[in-house]
Amino acid sequence: PGVQGNVGGGDSEYGVEIEEGNLLGTGARVALSQRNKRDRDETRLSWRNEHQFGRWIGLEAQLRDSNDGSGWAAAVGQPFYAQGTHRAWRLSLDRQTSVEPFYAYGDKVAEYRQRNRDVEVWWGASAGSDGNRVRRWLFGLREQQRRFLPATDPALAGPVPADLRMISRFLKPGRSS
């Protein structure tokens, strides 16, 4: 559990978090947080269990709700949990909707809606421990999509950016000693 606060420059921020790190002895972590800032209020509910689907096959999930949008994220995977682990993998999805405002002289003059979708999948390989070192490689694919829509309020209709879709591959070496 935690409480945080900050006041400075005329702005104030505060937050509260409740967390259980070993829910009913299962090793699952659940957390609920509320954060309030000058331009955003957000509530999050998070879940993480590294053994959700068996030994070292875990699940992470999160729900987000704020005054300018909402979203969710989920991931399932198996990490490199020990030096002798030869394989690891992960699939993650993240969706977010939000409203992005434009201001002029402190007044909101226009806005647009944004929908984000991120997908990432990777697979890792390792020959295992070689003395005191472990060499690992991650091979992955990431897709990021951004869709932009006009405001729902005609009085705030303004310019809308062009939609974006990016796909990238990655190869990442890693070393552990």
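Predicted model, so just to flag it, every value in this text is computed and none were measured.
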Do any N or O atoms from the side chain of [X] and from the backbone of [Y] form a donor-acceptor pair under 3.5 angstrom?
X: Asn22; Y: Gly27; result: yes
X: Asp65; Y: Arg44; result: no
X: Arg113; Y: Pro150; result: yes

Which heavy-atom pair separates [X] from [Y] by the least distance, and what is that distance?
X: Asp94; Y: Trp72; result: OD1-O, 3.3 Å
X: Ile167; Y: Glu143; result: CG1-CG, 4.0 Å
X: Asn49; Y: Ala28; result: ND2-CB, 3.8 Å
X: Ala110; Y: Gly158; result: CB-CA, 4.0 Å
X: Val160; Y: Tyr112; result: CG2-CB, 4.3 Å
X: Glu111; Y: Pro101; result: CB-CA, 3.9 Å

Residues in side chain to side chain donor-acceptor pair (under 3.5 Å) with Arg95, at least two apart?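 With sequence neighbours excluded, Arg95 shows a side chain to side chain donor-acceptor pair (under 3.5 Å) to no residue whatsoever.
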Considering only NZ, NE, NH1 and NH2 on the basic side and carboxylate oxygens on the acidic side, decide whether [X] and [Y] come within less than 4.0 Å.
X: Arg35; Y: Asp41; result: no
X: Arg55; Y: Glu50; result: no
X: Arg90; Y: Glu120; result: no

Should [X] and [Y] be counted in the same cluster of Ile, Leu, Val, Met, Phe, Trp and Tyr side chains packed under 4.5 Å apart?
X: Leu164; Y: Leu93; value: no
X: Val109; Y: Leu149; value: no
X: Tyr14; Y: Ile18; value: no
X: Leu59; Y: Leu24; value: yes
X: Phe102; Y: Val99; value: no

Find the distance between [atom1] ([X]) and [atom2] ([Y]) and round it off to the nearest 0.5 Å.
X: Gln34; Y: Leu32; atom1: CD; atom2: CG; value: 8.0 Å
X: Arg136; Y: Lys172; atom1: CZ; atom2: NZ; value: 12.0 Å
X: Arg147; Y: Asp163; atom1: CZ; atom2: CG; value: 6.0 Å
X: Leu23; Y: Trp47; atom1: CG; atom2: CH2; value: 5.0 Å
X: Arg169; Y: Leu141; atom1: CZ; atom2: CG; value: 8.0 Å
X: Arg40; Y: Ser66; atom1: CZ; atom2: OG; value: 4.5 Å

More than 12 foreign heavy atoms under 6.0 Å from OH of Tyr81: is that the case here? yes
Is the CZ atom of Arg146 crowded by more than 12 outside heavy atoms at less than 6.0 Å?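 Check passes, neighbour count above 12.
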Using the test ring-ring contact (aromatic ring centres under 6.0 Å, His included), find all partners of Phe170 that sit at least two apart in sequence or belong to another chain. none
Please test Thr85 against Val134 for side chain to side chain contact (heavy atoms under 4.5 Å, CB included), starting from the C-alpha separation and ending with a verdict. CA-CA 10 Å; Thr85 304; Val134 176; over 6 Å; no
Arg64-Gln62 side chain donor-acceptor pair, cut-off 3.5 Å: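 Side chains of Arg64 and Gln62: pair found under 3.5 Å.
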Side-chain H-bond candidate by donor/acceptor type, Ser98 with Gln96, under 3.5 Å: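 No, Gln96 and Ser98 have no side-chain donor paired with an acceptor closer than 3.5 Å.
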If the plane angle is over 60° it's perpendicular, under 30° parallel, otherwise tilted; pick one for Phe139 and Trp123.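 The rings of Phe139 and Trp123 lie parallel, inter-plane angle below 30°.
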Please test Arg29 against Glu20 for salt bridge (charged side-chain N to carboxylate O under 4.0 Å, His left out), starting from the C-alpha separation and ending with a verdict. CA-CA 6 Å; Arg29 176 190 170 274; Glu20 171 58 46; over 6 Å; no
Could you work out, with salt bridge (charged side-chain N to carboxylate O under 4.0 Å, His left out) as the rule, every residue matching Arg87, not counting sequence neighbours?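 Testing Arg87 for salt bridge (charged side-chain N to carboxylate O under 4.0 Å, His left out), a comparison that skips the adjacent residues, returns none.
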Show the numbers, then the answer: is there a side chain to side chain contact (heavy atoms under 4.5 Å, CB included) between Phe80 and Leu138? CA-CA 11 Å; Phe80 286 111; Leu138 298 181; 3.9 Å; yes
